[in-house]
Protein chains: 2
Amino acid sequence: MTLPATHVACSNCNLRDLCLPVDLSPEEMSRLDALVTTRRKVLRGGHLFSSGDPFSSLFAVRTGFFKTAVTTPDGRDQVTGFQMAGEIIGLDGLAQGHYSCDAIALEDSEVCLMPFERVEEFSRAIPALQQHVHRVMSREIVREHGVMMLLGSMRAEERLATFLLNLVQRLHARGFSQSELVLRMTREEIGSYLGMKLETVSRTFSKFAEAGVVEVKQRHVRILNTDALERMTQAITQ
Amino acid sequence: MTLPATHVACSNCNLRDLCLPVDLSPEEMSRLDALVTTRRKVLRGGHLFSSGDPFSSLFAVRTGFFKTAVTTPDGRDQVTGFQMAGEIIGLDGLAQGHYSCDAIALEDSEVCLMPFERVEEFSRAIPALQQHVHRVMSREIVREHGVMMLLGSMRAEERLATFLLNLVQRLHARGFSQSELVLRMTREEIGSYLGMKLETVSRTFSKFAEAGVVEVKQRHVRILNTDALERMTQAITQ
DNA sequence: CGGGCGATTGACTTTCGTCAACGCGTGTGG
DNA sequence: CCACACGCGTTGACGAAAGTCAATCGCCCG
């Protein structure tokens, strides 16, 4: 599933704003090119890494789409996130020296490898990079707080509305439509992420469609009424 | 609620193994004393910080017990964690330059302040500390994966069993009993953390007690059968 | 063009939430 | 020091939301 690696450089990558948004001097910038040594392609369905694999690198998604998931001893699994271009995967790995989740490509994808030893080395030399690394990790913590909120105190409709708005907002930041998206994941994967069964995901989509809020054709979703979706995320359930 | 601060030093703190477990030379150790400048007492019910407060420091719990919670615009809140001696609070703050949750003392407590600028400065000079900071953040990410698992794919009994085992394990690591604990939080706070209502928490406790797995008297809990609890966390629901 | 995975929908069950009443304990003030 | 009140916890009856099981449909990909 993992294809041969290729050599590259960050300094003129068009995703730099997304995955390395730090102000650097030209001199620092050129040093940073040594941070990402290689890229790797992962075919749809392939594992970028698996739970238990020795930790060595962070990965920046260059193209494509991933999910990360943890698995219990008894075989249930929980999707912990979906990652698209410019987002960082593998932060869970350094806690114990091995990755604690699986990272799986949902479409043919390419990632940049950032050997973590090098990240630490460069962080010591370049404060702006150090700060960036910290911010990336903190953002992940904050994101997960949001997921806990979602899982702990929202009902099915609120969860799905929140999910759709989040997805479309991230896609929009990457130059895609504000109102149309193609889901890269199955209903089951959405359900796992949102803590509901695939049938409930499907039913909730249908409910949204009936209400004229979205148009759903399999994985193609068009948002017809963003305001209505936003209101749904704030419904006081009591 | 926040009492005057006092001056202190890490190098001979009895919690060092818990909150700074890095091998340091005596020279590095003495420099580290400048990392924690002050302590602060927070009375029961008091806020260590609130969502939106400008971020400046991490906090290490020295004595006492805290909860962290996020709040939605419409007023629902979600407990995101409980912190005891040696654990670090405030990692969510650096993402956006302000804390994104509330940290509230559940009993009279004391924390060590670690100004984050200083943490970053020292991290650049002391690789072992840098690594430790990264590990602490990564551990928080992994912990939250566990909570997502819990909220996303466990039923009430499994959640409470998991929660109890986790609490007692952390207490045991601090020298307390493996089988007895005093809950510092209300049923409602437990419920918020576990994504269930306080009545369900109460009922589930009663069910455990009926089954002879635990003994519950208000906030005093004695675990009578750890194995049974462990089995419950792995129950294949199907 | 056909097979199979993924999605949808329906009927029924289960779990948990809701509402309400009651009880226990603790802490405080008379 | 005792009594009372209030917050917290427990328990019961009922309802609602989501899960389960099953049948069918429709895409897509080979």
Side-chain angles (χ1 to χ4, degrees), chain A residues 43-45 67 76 78-79 104 106-108 150-161 163-164 181-211 214-222 232 235-238, chain B residues 43-45 67 76 78-79 104 106-108 150-161 163-164 181-211 214-222 232 235-238:
Chain A
L43 295 182
R44 179 167 172 215
K67 69 168 177 181
R76 283 178 289 181
Q78 169 73 32
V79 171
I104 297 165
L106 296 182
E107 55 180 291
D108 294 355
L150 190 132
L151 292 172
S153 53
M154 291 187 180
R155 352 191 108 234
E157 293 186 21
E158 303 176 72
R159 294 182 197 191
L160 191 61
F163 173 72
L164 281 178
L181 67 159
V182 177
L183 300 171
R184 270 28 271 209
M185 70 294 279
T186 65
R187 299 291 188 261
E188 186 168 17
E189 287 162 335
I190 296 173
S192 172
Y193 183 61
L194 298 180
M196 46 206 255
K197 295 291 155 181
L198 67 94
E199 293 94 330
T200 308
V201 174
S202 187
R203 272 186 251 273
T204 308
F205 267 126
S206 301
K207 205 178 291 184
F208 285 180
E210 262 173 67
V214 299
E215 214 175 271
V216 184
K217 275 206 194 98
Q218 306 284 125
R219 302 205 177 176
H220 294 260
V221 176
R222 180 200 304 252
M232 278 185 201
I236 300 178
T237 326
Q238 289 295 352
Chain B
L43 294 182
R44 180 168 170 215
K67 71 168 177 181
R76 282 178 292 181
Q78 168 76 29
V79 171
I104 296 165
L106 296 183
E107 55 181 293
D108 294 355
L150 189 133
L151 291 172
S153 53
M154 290 186 180
R155 350 188 115 240
E157 294 186 20
E158 304 176 71
R159 293 182 198 191
L160 190 62
F163 173 72
L164 282 178
L181 65 160
V182 177
L183 300 172
R184 267 36 262 214
M185 69 294 280
T186 65
R187 299 290 188 261
E188 187 169 17
E189 287 162 334
I190 296 173
S192 171
Y193 183 60
L194 298 180
M196 47 206 253
K197 295 291 154 182
L198 66 95
E199 293 94 332
T200 308
V201 174
S202 187
R203 271 186 251 274
T204 309
F205 267 126
S206 301
K207 205 177 292 185
F208 285 180
E210 263 173 67
V214 299
E215 216 174 270
V216 185
K217 275 204 196 100
Q218 305 285 124
R219 300 203 176 179
H220 294 260
V221 177
R222 180 200 304 253
M232 279 184 201
I236 299 177
T237 328
Q238 285 304 341

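In this structure, the CE atom of B/Met185 is 11 Å from the P atom of D/dG9, given to the nearest Å. Rounded to whole Å, atom P of C/dG25 lies 9 Å from atom NZ of B/Lys217. Look at CZ on A/Arg184: it is 17 Å from C1' on C/dA7, rounded to the nearest Å. The CZ atom of A/Phe205 sits 16 Å away from the P atom of C/dG6 (whole-angstrom rounding). Atom-to-atom, CZ of A/Arg203 to P of D/dA18 comes out at 11 Å; the value is rounded to the nearest Å. The CD atom of B/Glu188 sits 13 Å away from the P atom of C/dG17 (whole-angstrom rounding). For the pair A/Glu189 CD and C/dA7 C1', the interatomic distance rounds to 13 Å; values are reported in whole Å. Summarising the geometry, the separation between CD on B/Glu210 and C1' on D/dG12 is reported as 13 Å, rounded to the nearest angstrom.
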So B/Thr204 and B/Arg159, side chain to side chain contact (heavy atoms under 4.5 Å, CB included) or not? Walk me through it. CA-CA 10 Å; B/Thr204 309; B/Arg159 293 182 198 191; over 6 Å; no
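Between B/Ser206 and D/dT11 there is a side-chain N or O to OP1 or OP2 distance below 4.0 Å. A close approach under 4.0 Å does not occur between any side-chain nitrogen or oxygen of A/Thr200 and OP1 or OP2 of D/dA17.
Within 4.0 Å of A/Arg219, counting heavy atoms only, lie sugar-phosphate atoms of the nucleic acid but no base atom. Among the atoms of the strands shown, only primed sugar atoms or phosphate atoms (P, OP1, OP2) are found under 4.0 Å from some heavy atom of B/Thr186. The residue B/Gly195 sits close only to the backbone: its heavy atoms come under 4.0 Å of sugar-phosphate atoms, none of a base.
In this structure, A/Phe163 and A/Val201 have side chains that are not in contact, with every pair of non-hydrogen atoms separated by 4.5 Å or more. Residues A/Ile190 and A/Met196 have side chains not in contact (no heavy-atom distance under 4.5 Å, counting atoms from C-beta outward).
Out of D/dA18, C/dT8, C/dT18, the shortest distance to the side chain of A/Val216 is found at C/dT8. Of the candidate nucleotides C/dT18, D/dC27, C/dT9, D/dC27 has the atom lying nearest to any side-chain atom of A/Gln218. Among the nucleotides D/dT10, C/dG17, D/dA17, the one closest to the side chain of B/Ser202 is D/dT10. Ranking C/dA7, D/dG19, C/dG17 by closeness to the A/Arg187 side chain, first place goes to C/dA7.
Of the candidates B/Arg203, B/Glu157, B/Glu215, B/Phe208 forms a side chain to side chain contact (heavy atoms under 4.5 Å, CB included) with just one, namely B/Glu157.
One N or O on the side chain of B/Ser192 and one on the backbone of B/Val79 form a donor-acceptor pair closer than 3.5 Å.
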